[in-house]
Amino acid sequence: MSTVTFGVVPGYGEKLHEAYGYSGAVRVGDRVETSGQAGVDDDLVIPDSLEDEIIQAFDNVERTLATVGATWKDVIHVNSYHKVAPGDDAIGDDVNAVMAEQFRRRLDGRAPIWTETGVTVLGLASMRVEIRVTAIVGAGN
């Protein structure tokens with residue numbers, strides 16, 4: 001039987017856990033799933049710049065993975081959710097450029113699968129991006 005371990009990030013993760021009763025990550029054996037990670041700081045403040053928000057979301061995925069012993073190098077699947085205006089027909093090259101740069105920076109040449117979805121609302125009114133991942137601990141070795 002596999003051991004199940006839940007992870008909660010100190011700071012923003014503890015605040016969300018207390019307010020809404022969910023964990024940021026779960027590890028079952030070597031498999032890790034995260035909840036969607038926003039680009040917020042520990043006070044749940046979202047940067048003004050979309051690029052900074054995306055980078056913060058990637059940082060928060062990293063912090064969340066660490067709570068259960070995983071890293072970006074273990075990630076095999078990324079889901080990203082991007083706020084778009086109703087009627088928009090694409091997420092945008094500016095967003096894709098930042099996402100691709102963060103993949104290159106954090107994955108050391110590995111290329112997990114990626115599903116990118118445009119949505120009209122996210123968990124907080126000012127959020128523009130949310131990222132969740134699946135990882136297999138040791139997959140990056």
Side-chain angles (χ1 to χ4, degrees), residues 1-86 88-141:
M1 183 166 178
S2 294
T3 301
V4 177
T5 305
F6 292 95
V8 176
V9 174
Y12 76 90
E14 292 168 327
K15 289 177 182 168
L16 294 171
H17 178 73
E18 185 176 315
Y20 301 110
Y22 73 92
S23 298
V26 62
R27 179 173 174 169
V28 181
D30 290 339
R31 185 181 182 93
V32 174
E33 299 283 346
T34 70
S35 62
Q37 298 301 302
V40 297
D41 67 14
D42 284 338
D43 294 316
L44 302 177
V45 174
I46 296 168
D48 292 332
S49 155
L50 177 57
E51 180 176 355
D52 290 345
E53 183 179 351
I54 293 169
I55 292 168
Q56 183 67 56
F58 270 82
D59 289 346
N60 289 346
V61 167
E62 186 170 309
R63 291 174 67 191
T64 301
L65 288 167
T67 67
V68 292
T71 72
W72 265 107
K73 291 187 174 104
D74 298 314
V75 171
I76 61 168
H77 185 196
V78 177
N79 287 94
S80 63
Y81 305 91
H82 305 270
K83 190 182 240 181
V84 296
D88 279 0
D89 61 358
I91 289 170
D93 291 339
D94 56 338
V95 168
N96 289 335
V98 177
M99 294 291 294
E101 176 58 31
Q102 291 303 304
F103 286 148
R104 286 185 194 96
R105 188 173 147 252
R106 295 166 192 269
L107 291 164
D108 196 30
R110 292 185 66 248
I113 59 174
W114 176 27
T115 303
E116 183 181 40
T117 305
V119 298
T120 56
V121 297
L122 289 165
L124 300 171
S126 56
M127 282 174 60
R128 295 163 290 188
V129 65
E130 189 168 2
I131 301 171
R132 71 158 308 282
V133 303
T134 301
I136 304 295
V137 176
N141 295 334

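Residues: numbered from 1 along the sequence shown.
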What is the minimum heavy-atom distance between E14 and G11, and which atoms define it? OE1-N, 2.9 Å
Can you check whether A125's main-chain N or O pairs, donor with acceptor, with K83's side chain at less than 3.5 Å? yes
On a heavy-atom basis, the closest approach of V84 and A90 is CG1-O, 4.2 Å
Quick one: does any side-chain atom of R27 pair with a main-chain N or O of G29 as donor and acceptor, under 3.5 Å? yes
How far does OG1 of T134 sit from CD1 of I113, to the nearest 0.5 angstrom? 8.0 Å
If only atom types and distance count, is the side chain of E53 paired as donor or acceptor with the main-chain N or O of R128 below 3.5 Å? yes
Taking every heavy atom of G39 against every heavy atom of P47, the minimum-distance pair comes out as O-CD, 3.0 Å
Show the numbers, then the answer: is there a side-chain contact (heavy atoms from CB on, under 4.5 Å) between Q56 and D52? CA-CA 6 Å; Q56 183 67 56; D52 290 345; over 6 Å; no
Looking at A57 and V129, what are the two nearest heavy atoms and their distance? CB-CG1, 4.3 Å
Going by an N to O cut-off under 4.0 Å, is there a salt bridge joining K15 and D42? no
Could you tell me whether the side chain of T67 and the main chain of V9 form a donor-acceptor pair under 3.5 Å? no
Kindly compute the distance separating CE (M127) from CG (L44), expressed to the nearest 0.5 Å. 10.5 Å
Closest non-hydrogen atoms of H77 and P112, given as atom of the first, atom of the second and distance, are N-CB, 3.8 Å
Side chains of V40 and I46 in contact at under 4.5 Å (non-hydrogen atoms): yes
Rounded to the nearest 0.5 Å, the CG atom of L124 sits from the CD atom of E130 at a distance of 8.5 Å
Please check this pair: side chain of H17 against backbone of Y22, looking for a donor-acceptor N/O pair closer than 3.5 Å. yes
Audit row: V26, V68, side-chain contact (heavy atoms from CB on, under 4.5 Å) steps and yes/no: CA-CA 7 Å; V26 62; V68 292; over 6 Å; no
Return the minimal non-hydrogen interatomic distance between V75 and R110, and the atom names on each side. O-NH1, 3.1 Å
V61 vs V78, side-chain contact (heavy atoms from CB on, under 4.5 Å): CA-CA, chis, key distance, verdict: CA-CA 10 Å; V61 167; V78 177; over 6 Å; no
To the closest 0.5 Å, what do you measure between CZ (R31) and CD1 (I76)? 5.5 Å
So does R106 pair up with D59, basic N to acidic O under 4.0 Å? yes
Please tell me whether S35 and Q37 have a donor and an acceptor in their side chains that are separated by less than 3.5 angstrom. yes
Separation between CD of E101 and CD1 of I54, rounded to the nearest 0.5 Å: 12.0 Å
Pair L65-V133, side-chain contact (heavy atoms from CB on, under 4.5 Å): steps then yes or no: CA-CA 9 Å; L65 288 167; V133 303; 3.9 Å; yes
Flag, side chain of D108 to backbone of K73, donor-acceptor distance under 3.5 Å: no
Whether W72 and F58 hold their rings parallel, tilted or perpendicular, with breakpoints at 30° and 60°: parallel
Got a donor-acceptor contact below 3.5 angstrom from the Y12 side chain to the N60 backbone? yes
Rounded to the nearest 0.5 Å, how far apart are CD of E116 and CD1 of I91? 3.5 Å
Does the D41 side chain pair with the main chain of D43, one donor and one acceptor, at a distance under 3.5 Å? yes
